[in-house]
**Student:** 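My structure is below; once you've seen it, I'll send some questions.
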Amino acid sequence: MKTMTQIQKKNTKKRRKPNYTKRAKRLQKELMLSIALIFLTLLICVKFQSSPNIYRVVVFEQNNEIKEIQYYNNFKTAKKQMQKQIENGAYNPAVLNEDGKILAIRYGIVNFRTKTCTENTSYEIERNGYSGYTNGCYGGDGAFLETDNDAKKVKFKQSGVIGWADIADIEIQNAFAPETASINHYTVKDNAILHHGTTNPKEAEYALMINIGDNDASLKAETTYYSYDAHYFYTTFQSMIDDYRNQTYENSINKDAPHYNYYQYLTHRAKTSYVSKDLNWYISTYLGYSSKPSSFPPNPSESQLYDEGYTFIETQNKYGINAIMMLSLAINESGFGRSQISIEKNNLFGHAAYDNAPNESANGYKDVASSIQTHAQIFLNNGYLNPCDQADSFSPSTCYNSENNRYKGGYFGDKDSGMNVFYASDPYWGEKAAKYYQDIDALLGEKDKTRYTIKVLNNQAKTPVYGMPDTSGKVIFYTPDVESYALVILDELEGGEVNGNTKWYKVQSDGMLNPSANALNQEPQIYAYKTDVVYIPAAYFENNDVK
């Protein structure tokens with residue numbers, strides 16, 4: 001029997017060290033090194049994150065001096081201090097980052113001219129969260145409205161649309177600073193409203209001067225007006241921004257009568273008064289083109305538009321697309337039928353000519369007539385004029401909720417509504433195409449001017465459009481989710497009562513109806529002017545007639 005002393009001696013004997021192999025020792029050393037590296041990395045990350053960003057609240061004074069207010073390490077808090085400065089009557093408070101870049105400001109512009117001309121700037125439309133896009137080489141500025149609390153997104157208004165763009169894609173500028181050398185504005189001359197648009201706010205040049213219609217807004221000559229929708233005009237930049245932020249037009253000089261350019265809001269379904277010889281006279285006699293080009297670049301007298309008057313009119317009569325609107329769009333997209341794409345690919349309309357590689361991506365056609373017919377049948381009837389464009393089914397609700405639906409109204413429009421929303425990256429594409437229509441009509445005798453009655457629905461998305469003048473009838477489609485939606489009114493008639501009003505409007509339908517006229521045609525081909533009509537209650541409209 002072992003004594004306690006023997007047991008204790010046994011337990012106090014030294015243990016042998018493990019006999020690691022060289023490989024095991026190397027692995028152990030590598031493991032310890034890895035742990036040390038991970039630990040060091042964590043320390044660096046913690047140190048980096050613990051160094052807060054600095055946000056400077058300043059006030060830009062009228063003399064362009066900068067008054068420092070306070071420093072913060074939280075952007076949201078800095079924004080609150082900026083707002084307090086506004087409430088205290090400061091001239092133009094702003095929040096800057098450590099590098100002096102403006103992150104938010106009371107009165108500023110969004111500069112979109114921060115990329116090459118082959119790159120667009122994407123944004124999220126505030127009304128519905130859908131995607132939109134613009135290009136700073138065509139429209140350089142927008143109204144700055146807000147920066148989100150994370151300083152990652154910027155809210156702006158440009159060409160009618162309110163959207164959110166990544167702050168990394170744009171630059172915010174003080175609207176009154178010397179570096180803001182040009183800014184979007186309007187003047188009046190010879191009873192016409194002229195849009196002066198910049199393509200680079202840092203240069204004192206205006207690349208655009210577009211006549212956007214008669215002065216029905218009672219604007220005064222020799223006065224500068226501000227607007228980023230061309231509907232409501234302001235005598236000061238400040239009053240415009242304040243109204244935009246308060247979601248009102250109360251301080252605009254024409255708050256009760258918004259301006260809508262007739263040619264810009266006339267639907268493609270409105271048939272022109274002119275015939276093929278009128279179009280050929282304009283192309284040959286007025287523009288001076290006497291033949292088609294055989295190669296690019298063309299001779300001065302050559303154009304792909306030459307002798308195509310009959311094609312435009314015949315396509316109108318078959319597919320229901322206004323011939324002058326097609327001609328105007330073709331002029332705008334193809335440089336009067338003389339662009340490289342129009343000559344080498346017979347593509348008058350820029351179909352699939354994407355900004356990053358237009359010549360390579362553009363569709364090609366066997367001849368110019370095929371381009372015109374495809375534009376009417378495929379791109380318009382099946383696409384931009386189809387209330388069920390790219391929808392999974394043809395039910396009105398499904399069509400309305402489809403994010404891929406390009407139908408925002410059957411007119412040229414702007415970035416809020418019409419074809420311009422998705423057809424072009426140029427925010428003023430609709431204005432430009434409309435100006436060609438206006439010029440052609442003026443030369444040919446103004447037979448189309450005010451021929452049709454156009455009315456505008458304001459902020460009434462998903463308004464039901466019926467197959468008969470009564471709400472008991474079937475809904476054909478819903479109006480798109482836009483702020484301003486224009487329709488051509490064919491007639492007024494009595495119908496079912498809506499909000500105490502029995503007056504209804506007979507409307508030329510953008511979408512083609514089936515033979516029973518109780519639903520949209522899922523395979524639209526030939527447009528029937530007499531039967532492709534729909535009805536909408538007059539009670540939904542305000543007095544927004546387009547003149």
Side-chain angles (χ1 to χ4, degrees), residues 53 55-60 69-70 72-97 100-114 121-134 136 139-177 180 183-184 201 226-229 231-232 234 236-252 414-416 427 459 481-483:
N53 292 321
Y55 301 101
R56 299 165 52 200
V57 177
V58 304
V59 173
F60 291 103
I69 301 298
Q70 186 60 278
Y72 297 89
N73 58 18
N74 179 278
F75 178 71
K76 185 177 180 181
T77 306
K79 269 208 319 179
K80 288 181 179 179
Q81 178 57 240
M82 186 187 90
Q83 181 60 37
K84 187 177 293 185
Q85 293 297 315
I86 293 173
E87 294 168 0
N88 291 339
Y91 180 66
N92 199 10
V95 179
L96 315 182
N97 67 6
K101 179 180 178 181
I102 299 175
L103 302 180
I105 192 169
R106 183 180 188 182
Y107 299 122
I109 65 165
V110 172
N111 181 0
F112 291 102
R113 189 65 182 267
T114 57
T121 297
S122 299
Y123 55 81
E124 183 181 280
I125 300 172
E126 186 179 54
R127 286 181 67 94
N128 47 37
Y130 292 170
S131 297
Y133 62 104
T134 187
D141 64 326
F144 170 80
L145 301 181
E146 184 185 350
T147 302
D148 70 358
N149 290 333
D150 296 323
K152 292 182 178 179
K153 298 279 187 180
V154 169
K155 183 179 178 182
F156 69 90
K157 185 169 186 176
Q158 184 194 52
S159 185
V161 72
I162 295 177
W164 288 87
D166 288 344
I167 198 168
D169 289 338
I170 57 88
E171 182 180 357
I172 303 170
Q173 292 180 207
N174 177 357
F176 310 124
T180 303
I183 193 171
N184 198 71
Y226 299 95
S227 177
Y228 281 93
D229 55 26
H231 304 318
Y232 298 91
Y234 296 81
T236 69
F237 187 88
Q238 296 95 317
S239 61
M240 176 188 68
I241 296 297
D242 290 342
D243 264 12
Y244 285 174
R245 288 190 177 133
N246 292 324
Q247 299 180 23
T248 182
Y249 300 108
E250 187 62 29
N251 293 299
S252 65
D414 57 15
K415 278 299 181 182
D416 166 61
N459 284 310
D481 190 4
V482 297
E483 183 174 337

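Position 1 is the first residue of the sequence; numbering continues from there.
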**Student:** Contact between Tyr123 and Thr134 at the side-chain level, heavy atoms closer than 4.5 Å - yes or no?
**Tutor:**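 Yes - at least one pair of side-chain heavy atoms lies under 4.5 Å apart.
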**Student:** Establish, yes or no, whether the cationic atom of Lys157 lies under 6.0 Å from the six-membered ring centre of Tyr228 and within 45° of the ring axis.
**Tutor:**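 Here Lys157 fails the 6.0 Å and 45° test against Tyr228.
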**Student:** Looking at Leu96, Ile69, Leu103, which one forms a side-chain contact (heavy atoms from CB on, under 4.5 Å) with Arg56?
**Tutor:**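 The single option meeting the side-chain contact (heavy atoms from CB on, under 4.5 Å) with Arg56 is Leu96.
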**Student:** Indicate whether the side chain of Thr180 and that of Gln173 have a donor and an acceptor atom separated by less than 3.5 Å.
**Tutor:**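 Looking only at side-chain atoms, Gln173 and Thr180 do form a donor-acceptor pair, the distance falling under 3.5 Å.
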**Student:** Do Val59 and Asn92 have side-chain heavy atoms sitting under 4.5 Å apart?
**Tutor:**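 Contact flag for Val59/Asn92 side chains = no.
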**Student:** Do Asp150 and Phe75 touch side chain to side chain, with heavy atoms closer than 4.5 Å?
**Tutor:**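 Side chain of Asp150 against side chain of Phe75, heavy atoms only: no contact under 4.5 Å found.
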**Student:** May I ask you to decide if the ring planes of Tyr232 and Tyr249 are parallel, tilted or perpendicular, using 30° and 60° as cut-offs?
**Tutor:**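 It falls in the parallel class, under 30°.
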**Student:** Suppose we screen for salt bridge (charged side-chain N to carboxylate O under 4.0 Å, His left out). Which residues come up paired with Lys153, at least two apart in sequence or across chains?
**Tutor:**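 Lys153 satisfies salt bridge (charged side-chain N to carboxylate O under 4.0 Å, His left out) with Asp166 once adjacent residues are dropped.
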**Student:** Who are the ring-ring contact (aromatic ring centres under 6.0 Å, His included) partners of Phe60, not counting sequence neighbours?
**Tutor:**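 Partners of Phe60 under the ring-ring contact (aromatic ring centres under 6.0 Å, His included) test: none.
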**Student:** Could you go step by step and tell me if Gln238 and Phe176 meet the side chain to side chain contact (heavy atoms under 4.5 Å, CB included) rule?
**Tutor:** CA-CA 10 Å; Gln238 296 95 317; Phe176 310 124; 3.6 Å; yes
**Student:** Under 3.5 Å, is there a donor-acceptor pair linking the side chains of Ser227 and Asp229?
**Tutor:**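 A donor-acceptor contact under 3.5 Å links the two side chains.
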**Student:** Can you name the closest pair of heavy atoms from Ile167 and Ala151 and give their distance?
**Tutor:**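 Reported closest heavy-atom pair: CG2-O, 3.4 Å.
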**Student:** Any ion pair linking Glu126 and Lys155 (charged N to carboxylate O, less than 4.0 Å)?
**Tutor:**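 Looking at Glu126 together with Lys155, the answer is yes, because their closest N to O distance falls below 4.0 Å.
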**Student:** With the side chain counted from C-beta on, respond yes when Ile170 and Asn111 share a heavy-atom pair under 4.5 Å apart, and no when they do not.
**Tutor:**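 Ile170 vs Asn111: side chains apart.
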**Student:** Is it true that a side-chain atom of Asn251 and a backbone atom of Ser239 form a donor plus acceptor pair closer than 3.5 Å?
**Tutor:**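 Pair absent, no side-chain N/O of Asn251 close to backbone of Ser239.
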**Student:** Hey, are the side chains of Val110 and Phe112 touching, using non-hydrogen atoms and a 4.5 Å cut-off?
**Tutor:**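 Yes; the side chains approach each other to less than 4.5 Å.
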**Student:** Closest heavy-atom contact between Pro201 and Gly140?
**Tutor:**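 Here Pro201 and Gly140 meet closest at CG-O, 3.6 Å.
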**Student:** Is the shortest heavy-atom distance from the side chain of Asn74 to the side chain of Asn53 under 4.5 Å?
**Tutor:**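 The answer is no; the side chains never approach within 4.5 Å.
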**Student:** Passes side chain to side chain contact (heavy atoms under 4.5 Å, CB included), Thr147 versus Ile172? Steps please.
**Tutor:** CA-CA 10 Å; Thr147 302; Ile172 303 170; 4.1 Å; yes
**Student:** Check Ile183 against Phe237 and note the closest heavy-atom contact, atom names and distance.
**Tutor:**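 Heavy-atom minimum between the residues: CD1-CE1, 3.5 Å.
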**Student:** Counting the benzene-type ring for Trp, do Phe144 and Tyr107 have ring centres under 6.0 Å apart?
**Tutor:**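 Ring centroids of Phe144 and Tyr107 are no less than 6.0 Å from each other.
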**Student:** Check whether the ring centres of Tyr72 and Tyr55 lie less than 6.0 Å apart, and answer yes or no.
**Tutor:**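 Tyr72 vs Tyr55: aromatic centres not under 6.0 Å.
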**Student:** Answer whether the closest heavy-atom distance between the side chains of Ile162 and Ile125 falls below 4.5 Å.
**Tutor:**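 No - every pair of side-chain heavy atoms lies 4.5 Å or more apart.
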**Student:** Do Asp414 and His231 touch side chain to side chain, with heavy atoms closer than 4.5 Å?
**Tutor:**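 Yes. Closest side-chain heavy atoms under 4.5 Å.
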**Student:** Restricting to non-hydrogen atoms, name the atom on Arg106 and the atom on Ile241 that form the minimum distance, rounded to 0.1 Å.
**Tutor:**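 Minimum heavy-atom contact is O-CG2, 3.7 Å.
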**Student:** Please assess Arg127 against Asn459 for the test side-chain hydrogen bond (donor to acceptor under 3.5 Å, both in side chains), listing each intermediate value before the final yes or no.
**Tutor:** CA-CA 10 Å; Arg127 286 181 67 94; Asn459 284 310; 2.9 Å; yes
**Student:** Taking all atoms of both residues into account, what is the closest heavy-atom pair of Asn174 and Ile102, and its distance?
**Tutor:**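 Answer, listing the atom of Asn174 first, then Ile102: N-CD1, 3.7 Å.
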**Student:** For the residue pair Lys415 and Tyr133, would you count it as a cation-pi contact if the rule is NZ or CZ under 6.0 angstrom from the ring centre and within 45 degrees of the ring axis?
**Tutor:**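 Yes, Lys415 lies over the aromatic ring of Tyr133.
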**Student:** Measure across Ala94 and Met82 and return the closest heavy-atom pair with its distance rounded to 0.1 Å.
**Tutor:**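 Residues Ala94 and Met82, closest heavy atoms: CA-SD, 3.7 Å.
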**Student:** Would Asp141 and Gln158 satisfy side chain to side chain contact (heavy atoms under 4.5 Å, CB included), going step by step from the backbone distance to the final call?
**Tutor:** CA-CA 7 Å; Asp141 64 326; Gln158 184 194 52; 5.6 Å; no
